[in-house]
K.L.:
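I am attaching a structure below and will ask some questions about it afterwards.
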Amino acid sequence: MPTIAALLKSADLPDSPSPRVDSEWLLAAALGKPLSYLRTWPEREVPAEVAERFAVSLARRRQGEPVAYILGRQGFWSLELDVAPDTLIPRPDTELLVETALGLLPMSASARVLDLGTGTGAIALALASERPAWQVLGVDRVEPAVTLAERNRQRLDLRNARFMQSDWFGALADARFALIVSNPPYIRAGDPHLAQGDVRFEPRSALVAGDDGLDDIRLIVDQAPRHLEAEGWLLLEHGYDQAEAVRGLLVARGFDQVHSRTDLGGNPRVSLGRLASPLQDSEEGGDAH
């Protein structure tokens, strides 16, 4: 029987950007063990049925299928989430959205928070896990995504989060929130990246938003004021080259304190603004005249 070290050495993933890491995750999953087991016991022999499962997983990865879909799970923030091809794979860049939202209100404050296009529930559940006093609602127009997010919520036992089906704000009536966060589709139709890497396997409806990638962001910015409390915040993840355009949309819709935050790669990744209060609008109007 082959050893753990021999299987990892012979693993062939020529097109993966991280072949060793991918191989380790896939072998650990086939063994039903943590990554630390591979590094602690490299000379352990691997049963034939486990080696076969590993070979099948490697074949799927060689076809380009994301490791997260092969494993059925992905880490995000401090959480381990179930994932499925109905939803985007949560990515580290999106943790900036969570970090930014957490810094906008006092830690002990209660608040109603909305996550638009929740997918796996990653953003909503990360916020709920960090702020027990918040009531977090995640919505998605795709029913399987809502089911998946709810399954993640139940497994994590986060009782201050809930999920429902809604096409953006469509099913929310007159509900209002202190914070609205979203990682909406923002890739341009025809972008060559859509034919590369893991993105090839992810749902197009969760990626593409019109010719300039801003169709869904325009809709959210336009409708958000009707669902924000006074001085509520809207936070949007977007493409690395879209920050200026998104800030312009926020300013044009009457948001103030509009600015962008950069991700670990130094790219502006999240833009946000606060809904101007009626008092501020009145004062600014008085000054203008």
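Keep in mind the model is a prediction, meaning the values are calculated, not measured.
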K.L.:
Locate the shortest heavy-atom distance separating Arg73 from Ala29; write the atom from each residue and the value.
P.N.:
NH2-CB, 4.4 Å

K.L.:
Is the count of non-hydrogen atoms from other residues, nucleotides or ligands lying under 6.0 Å from Arg62 atom CZ greater than 12?
P.N.:
yes

K.L.:
With a cut-off of 6.0 Å (strictly less than), are more than 12 heavy atoms of other residues, nucleotides or ligands near CD of Glu143?
P.N.:
no

K.L.:
Measure from the side-chain N and O atoms of Asn152 to the backbone N and O of Thr120, and report whether any donor-acceptor pair falls under 3.5 Å.
P.N.:
yes

K.L.:
How far apart are the C-alpha atoms of Leu125 and Leu156, what are their side-chain angles, what is the distance that settles it, and do they pass the side-chain contact (heavy atoms from CB on, under 4.5 Å) test?
P.N.:
CA-CA 9 Å; Leu125 294 170; Leu156 296 166; 4.1 Å; yes

K.L.:
Taking Glu244 first and then Arg247, would you say they form a salt bridge - that is, a charged N and a carboxylate O separated by under 4.0 Å?
P.N.:
no

K.L.:
Any side chain to side chain donor-acceptor pair (under 3.5 Å) pairs touching residues 10-19, not counting sequence neighbours?
P.N.:
Ser16-Asp22, Ser18-Asp22

K.L.:
Less than 4.0 angstrom from a charged side-chain N to a carboxylate O is my criterion; do Asp263 and Arg269 meet it?
P.N.:
yes

K.L.:
Assess, by modelled atom type and distance only, whether the side chains of Arg44 and Tyr37 contain a donor and an acceptor separated by less than 3.5 Å.
P.N.:
yes

K.L.:
I would like to know whether Phe255 and Arg274 meet side-chain contact (heavy atoms from CB on, under 4.5 Å); could you show each step before the answer?
P.N.:
CA-CA 5 Å; Phe255 286 85; Arg274 190 188 67 168; 5.6 Å; no

K.L.:
Under 3.5 Å, is there a donor-acceptor pair between the side chain of Thr100 and the main chain of Leu97?
P.N.:
no

K.L.:
Is Leu272 reachable from Leu179 through a run of hydrophobic residues whose side-chain heavy atoms are each under 4.5 Å from the next?
P.N.:
yes

K.L.:
State plainly whether the residues Arg155 and Glu80 are in salt-bridge range, i.e. N to O under 4.0 Å.
P.N.:
no

K.L.:
For residues Ala68 and Val83, report the shortest heavy-atom separation together with the two atoms involved.
P.N.:
O-CG2, 3.2 Å

K.L.:
Show the numbers, then the answer: is there a side-chain contact (heavy atoms from CB on, under 4.5 Å) between Ser182 and Leu235?
P.N.:
CA-CA 6 Å; Ser182 184; Leu235 295 78; over 6 Å; no

K.L.:
Show, in sequence, the C-alpha distance, side-chain angles and deciding distance for Leu8 and Arg20, and conclude whether the side-chain contact (heavy atoms from CB on, under 4.5 Å) test is met.
P.N.:
CA-CA 8 Å; Leu8 290 174; Arg20 178 70 181 194; 3.6 Å; yes

K.L.:
Count I, L, V, M, F, W, Y as connected when their side-chain heavy atoms are under 4.5 Å apart, and connections chain through other members. Are Leu58 and Val21 then in the same cluster?
P.N.:
yes

K.L.:
For Ala126, is there any backbone N or O sitting under 3.5 Å from a side-chain donor or acceptor partner on Ser129?
P.N.:
yes

K.L.:
Quick check for you: to the nearest 0.5 Å, what is the distance between Asp222 atom CG and Phe169 atom CZ?
P.N.:
9.5 Å

K.L.:
Which heavy atom of Asp140 sits nearest to which heavy atom of Gly117, and what is that distance?
P.N.:
OD2-C, 3.5 Å

K.L.:
Check residues 103-116 and write down every donor-acceptor pair under 3.5 Å in which the side-chain atom is one partner and the other belongs to a residue at least two apart or another chain.
P.N.:
unit_1, atom_1, unit_2, atom_2, d
Arg112, NE, Arg176, O, 3.0
Asp115, OD2, Thr118, OG1, 2.7
Asp115, OD2, Ala124, N, 3.4

K.L.:
Looking at Ser166 and Ala171, would you say the former's side chain and the latter's main chain have a donor-acceptor pair under 3.5 Å?
P.N.:
yes

K.L.:
Surrounding CZ of Arg253 (heavy atoms of other residues, nucleotides or ligands, distance under 6.0 Å), is the total greater than 12?
P.N.:
yes

K.L.:
Measure up the His259 and Trp233 rings against each other and bin them: parallel (under 30°), tilted (30 to 60°), perpendicular (over 60°).
P.N.:
perpendicular

K.L.:
Any side-chain donor paired with an acceptor under 3.5 Å for Glu99 and Trp77?
P.N.:
no

K.L.:
Can you tell if the side chain of Arg91 reaches within under 4.5 Å of the side chain of Asn183, non-hydrogen atoms only?
P.N.:
no

K.L.:
Nearest 0.5 angstrom please: Gln63 CD to Ile70 CD1, how far?
P.N.:
10.0 Å

K.L.:
Give a yes or no on whether Val270 and Ile217 share a hydrophobic cluster (residues Ile, Leu, Val, Met, Phe, Trp, Tyr; joining criterion: side-chain heavy atoms under 4.5 Å apart).
P.N.:
no

K.L.:
Which heavy-atom pair separates Phe54 from Leu7 by the least distance, and what is that distance?
P.N.:
CE2-O, 3.9 Å

K.L.:
Which pairs pass side chain to side chain donor-acceptor pair (under 3.5 Å) with one or both residues in residues 45-57, sequence neighbours excluded?
P.N.:
none

K.L.:
Where do Leu275 and Pro225 come nearest, in terms of heavy atoms and distance?
P.N.:
CD1-CB, 3.8 Å

K.L.:
Does any N or O in the side chain of Asn160 come within less than 3.5 Å of the main-chain N or O of Arg131, such that one atom is a donor and the other an acceptor?
P.N.:
yes

K.L.:
More than 12 foreign heavy atoms under 6.0 Å from CH2 of Trp134: is that the case here?
P.N.:
yes

